[in-house]
Amino acid sequence: MINHILVCVKQILDTNHDLVISGNQIVQSGEERPIALTNPSDLNALEKAIELKKQFGAQVIVISLGNAQVSNSLKYCLARGADQAIHLQTPEDFESDSWSTAFNLSKMIKSMPFDLILCGEKNINSNSGLVGPLLAGMLNIPQITSVIEIHPQIKTKTIQARRLLEKGDRVLLEGKLPLMITISPMFIQTGYVAVNRLRKISDDEIIRHQVSSKALLENKKVSSKSVSFPKPRVKKGKKVDTKLSASDRMKMMMGTSKKKEAPSKIFIGTPEEAANRLMDFLHENDILDLK
Amino acid sequence: MEKKIVLTILEQCDQGIRPCSFELLQDGLQLAKQLDGLLYAVLPGSDIPDPIPDLEFFPADQIILMDHPEFNNFNTELMVEQLGNLIQEVNPAVILASATPLGKDFTPRLAVAINSPIIADCVMVEADAQGNLSAIKPTHQENFYTTYSLEGFPAMISLRPGILGIEHAPHPHTHTFIRRQITTINQSNITQIAYEKGDPKTLDLREADLIISGGSGVSDHKGWSLISKTADLLGASIGGSRPAVDQGFVTRDRMVGQTGKSVKTRLYLAAGISGVYYHLRGVDTDNLVAINTDKFAPIFNDAKLGIVGNLHEILPAFNNKLESAQSNQNKTGGKA
């Protein structure tokens with residue numbers, strides 16, 4: 001049922017090391033060579049792929065687009081049990097965006113056999129969650145994103161995956177192969193490979209293809225203009241009591257009606273009064289659908 | 001020259017339109033003004049109510065309704081198919097969606113279908129005098145804001161819910177509604193097997209919408225039963241500060257704070273919690289309510305509503321009121 005599993009991984013700047021703004025980029029301060037790590041969700045994707053490999057006898061191929069340093073990530077993936085690693089090597093100071101990355105990955109993947117593509121939902125730095133779905137779109141395969149569990153269905157040769165929604169809700173979806181699945185940071189990991197079992201990997205085990213700056217730039221659609229520290233927007237929030245009639249609401253917004261006494265922030269009273277104040281608060285702030 | 005159209009993609013909920021969609025209409029209106037253009041909205045949904053509650057206070061030049069039962073399911077392929085067709089006809093310059101789980105799933109596929117640049121999970125989008133778009137998004141684990149510029153039209157941006165807040169316009173607005181025929185539904189490669197509602201009692205606090213949290217002031221089983229009752233009535237999850245965990249009243253996975261869970265909720269009701277920095281560090285909410293007998297407790301500096309009093313007396317009264325409100329609602333069958 002599953003013969004080839006592709007795992008897309010990305011190497012990112014380690015945010016545990018001090019990051020500073022330099023010009024319009026974010027760089028690590030003080031280090032000669034940037035300290036990078038493999039995006040954690042991508043490693044979860046790899047672990048799941050290895051588990052499926054044991055179940056279905058599939059080949060696991062890891063693929064990554066990035067500069068020379070990416071070799072380290074790929075060697076680590078091979079050591080954890082991937083069968084093949086492909087490095088789409090870019091120039092040292094390359095600039096790519098999600099679209100260009102997805103496009104260049106798709107150019108490579110189009111010529112490869114695959115039943116399942118796994119990758120992290122998003123990387124913890126750029127936080128877009130775009131490459132997975134863009135890649136699936138360019139390859140014209142269905143997708144299930146933000147997944148916490150994967151359950152292959154042998155009888156129907158499909159995959160059921162449980163994905164996250166808001167407020168603790170989940171939805172169970174079923175997809176036909178070939179399929180793209182992106183792994184949520186909350187993925188429920190079951191497999192584990194002991195570190196002392198990792199074998200030594202040599203550099204020539206990695207298959208390399210060069211990706212030129214031209215190939216990256218001509219498919220780039222967005223550019224990073226500047227970087228700053230967070231400046232939250234001023235939040236709107238004049239609440240209108242929707243129990244009032246339309247004309248009363250207008251009056252309230254225009255300020256010509258009698259002003260309601262602004263409730264004091266600290267309340268002292270009997271338990272009964274306090275309970276009433278709490279109920280009013282819930283209603284004023286749209287927390288409960290109390291009519 | 002034809003006016004540029006900003007198309008906002010709204011999401012439906014039980015009450016009509018989701019709060020994040022009202023935020024989207026506000027952002028869309030601002031952008032349309034900056035581009036000297038028109039604001040359109042499309043609502044894919046099922047049994048869309050007529051009229052849609054509160055919508056009259058959010059101006060838009062045209063609202064397109066796509067009404068079909070299949071929109072009740074999590075169906076990205078349907079969204080891409082129907083929205084793709086609409087976009088071909090309407091030809092918008094900018095497409096805005098909310099970065100909800102559904103939004104984040106379909107917008108990239110739609111972007112590929114119409115070959116449009118896309119930036120996801122932004123906190124702000126604006127156009128300069130020349131009509132060039134830039135979008136700001138949090139990156140590097142919320143430590144930075146990165147500003148991106150987009151080249152050309154159409155352009156697609158998904159906006160993070162809960163950033164802008166909602167403010168009604170002063171005057172009600174009459175909208176032009178167009179009900180769009182949904183005729184061809186292609187069989188999707190992904191089918192929905194089951195929708196699983198989250199249970200506030202068991203879900204991870206990081207996903208909770210409402211939390212009631214207890215601290216050292218709760219002090220005994222009786223107090224914690226009261227909290228448990230309040231949680232049930234509110235549909236909230238239970239959390240605790242470090243002392244509550246140390247005393248064995250809540251498990252470690254329910255500890256909120258710097259070394260525990262970081263939560264983002266619509267309501268955080270802190271009962272018997274003093275409010276020291278390392279606890280509140282883990283709380284992100286617009287509605288922090290505190291109940292504490294100590295009027296000098298630091299939590300009263302941050303609370304939106306502070307109640308000085310004994311939770312052992314206040315919570316029973318509060319629970320009674322919640323129970324009556326619930327039974328009233330059941331009697332009248334929900335909405336009046």
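All figures in this text were calculated on a predicted structure; none of them were measured in a lab. Here is the naming used below: chain letters follow the sequence lines, and residue numbers restart at 1 for every chain.
- A salt bridge links A:Arg170 with B:Glu207: the closest approach of a Lys/Arg side-chain nitrogen to an acidic carboxylate oxygen falls below 4.0 angstrom.
- By number of non-hydrogen pairs under 4.5 angstrom with chain A, the leading residue of B:Leu311, B:Asn189, B:Leu203 is B:Asn189.
- A:Ile159 does not touch chain B: none of its heavy atoms, backbone or side chain, sits under 4.5 Å away.
- Note: A:Ile124 leads A:Ile124, A:Thr158, A:Ile268 in heavy-atom pairs under 4.5 Å with chain B.
- Among B:Leu305, B:Val289, B:Asn287, the single residue meeting the side-chain contact (heavy atoms from CB on, under 4.5 Å) criterion with A:Asn285 is B:Asn287.
- Put simply, the side chain of B:His140 reaches to within 4.5 Å of the side chain of A:Leu19, judged on heavy atoms.
- Of the listed residues (B:Asn143, B:Thr107, B:Leu210), the greatest number of heavy-atom pairs within a distance under 4.5 Å of chain A belongs to B:Asn143.
- For chain A, the option among B:Met124, B:Gln26, B:Lys104 with the highest count of heavy-atom pairs below 4.5 Å is B:Met124.
- Here the CD1 atom belonging to B:Ile190 is positioned 6.5 Å from the CG atom belonging to A:Leu173, to the nearest 0.5 angstrom.
- Side-chain atoms of A:Asp169 come within 3.5 Å of backbone atoms of B:Gly198 as a donor-acceptor pair (strictly under, hydrogens ignored).
- Comparing B:Ile119, B:Leu315, B:Ile163 by heavy-atom pairs within less than 4.5 Å of chain A, the highest count is held by B:Ile163.
- Nearest heavy-atom pair, B:Lys137 versus A:Ser126, reported as atom, atom and distance to 0.1 Å: NZ-O, 3.0 Å.
- Contacts with chain B were tallied for A:Ser224, A:Gly129, A:Ser146, A:Gly269; A:Ser224 has the most, counting heavy-atom pairs under 4.5 Å.
- Per-residue counts of heavy-atom pairs under 4.5 Å with chain B were compared for A:Thr270, A:Thr182, A:Ile141, A:Asn140; the largest is that of A:Ile141.
- B:Ala303 touches chain A through its backbone: at least one of N, CA, C or O sits under 4.5 Å from a heavy atom, while the side chain does not.
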message: Go through it in stages, so that I can follow the logic: the residues are B:Thr147 and A:Val227, the test is side-chain contact (heavy atoms from CB on, under 4.5 Å), and I'd like the CA-CA distance, side-chain angles, deciding distance and then a yes or no.
response: CA-CA 6 Å; B:Thr147 305; A:Val227 181; over 6 Å; no

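- Two residues are said to be in side-chain contact when any heavy atoms from C-beta on lie closer than 4.5 Å; B:Leu102 and A:Leu165 fail this criterion.
- Most heavy-atom pairs under 4.5 Å with chain A: of the set B:Val123, B:Leu234, B:Val112, B:Thr139, this distinction falls to B:Val112.
- A:Gly137 approaches B:Arg109 most closely through the heavy-atom pair CA-NE, 3.4 Å.
- Side-chain atoms of A:Thr145 and B:Asp105 include a donor-acceptor pair closer than 3.5 Å.
- Put simply, of A:Ala161, A:Ser223, A:Ala136, the one with the most heavy-atom pairs under 4.5 Å next to chain B is A:Ser223.
- Here A:Arg163 is the residue among A:Met138, A:Arg162, A:Lys220, A:Arg163 with the most heavy-atom pairs under 4.5 Å with chain B.
- Residue B:Ala208 does not touch chain A at all, counting heavy-atom pairs closer than 4.5 Å.
- A:Glu166 and B:Arg18 are joined by a salt bridge, as a carboxylate oxygen and a charged side-chain nitrogen come within less than 4.0 angstrom of each other.
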- Message: Between A:Leu282 and B:Phe318, does the side-chain contact (heavy atoms from CB on, under 4.5 Å) criterion hold? Intermediate values first, please.
- Response: CA-CA 11 Å; A:Leu282 293 183; B:Phe318 185 42; 3.8 Å; yes

TODO: Might you work through the side-chain contact (heavy atoms from CB on, under 4.5 Å) test for A:Val171 and B:Glu196, ending with a clear yes or no?
DONE: CA-CA 6 Å; A:Val171 66; B:Glu196 298 158 0; over 6 Å; no

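- A:Met279 CE to B:Ser324 OG: the interatomic distance, rounded to the nearest 0.5 Å, is 7.5 Å.
- Within the model, atoms CD1 of B:Ile314 and CD of A:Glu272 stand 11.0 Å from one another, a figure rounded to the nearest 0.5 Å.
- Contact check for A:Ile266 versus B:Ile307: no side-chain heavy atoms found under the 4.5 Å cut-off.
- Nearest heavy atoms, A:Asn127 versus B:Pro138: ND2-O, 3.4 Å.
- Contact of B:Asn115 with chain A is made through backbone and side chain together, with heavy-atom distances under 4.5 Å.
- For A:Gln143, the parts lying near chain B are the backbone and the side chain together; criterion is any non-hydrogen pair under 4.5 Å.
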Discussion item. side-chain contact (heavy atoms from CB on, under 4.5 Å) for B:Lys321 and A:Leu278? Distances and angles first, verdict last.
Written reply: CA-CA 10 Å; B:Lys321 294 204 188 291; A:Leu278 279 167; over 6 Å; no

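- Considering NZ of A:Lys225 and OG1 of B:Thr146, their distance stands at 12.5 Å, rounded to 0.5 Å.
- Most heavy-atom pairs under 4.5 Å with chain B, from the set A:Ile12, A:Leu130, A:Asn123, A:Asp97: that is A:Leu130.
- No part of A:Ala102 comes within reach of chain B, as not one of its non-hydrogen atoms sits under 4.5 angstrom from that chain.
- Counting heavy atoms from C-beta on, the side chains of A:Pro230 and B:Glu142 never come closer than 4.5 Å.
- Proximity of the aromatic rings of B:Phe144 and A:Phe229 is defined here by a centroid distance below 6.0 angstrom, and this criterion is met.
- Here the closest non-hydrogen pair linking A:Trp99 and B:Ser116 is CZ3-O, 3.3 Å.
- Proximity to chain B involves both the backbone and the side chain of A:Asn276, based on heavy atoms less than 4.5 angstrom apart.
- Chain A forms the most heavy-atom pairs under 4.5 Å with one residue out of B:Ile193, B:Asp209, B:Leu133, and that residue is B:Ile193.
- Here the closest non-hydrogen pair linking B:Glu77 and A:Pro142 is OE2-CB, 3.6 Å.
- Shown here for A:Val222 and B:Ile118, the closest heavy-atom pair between the two residues is CG1-O, 4.1 Å.
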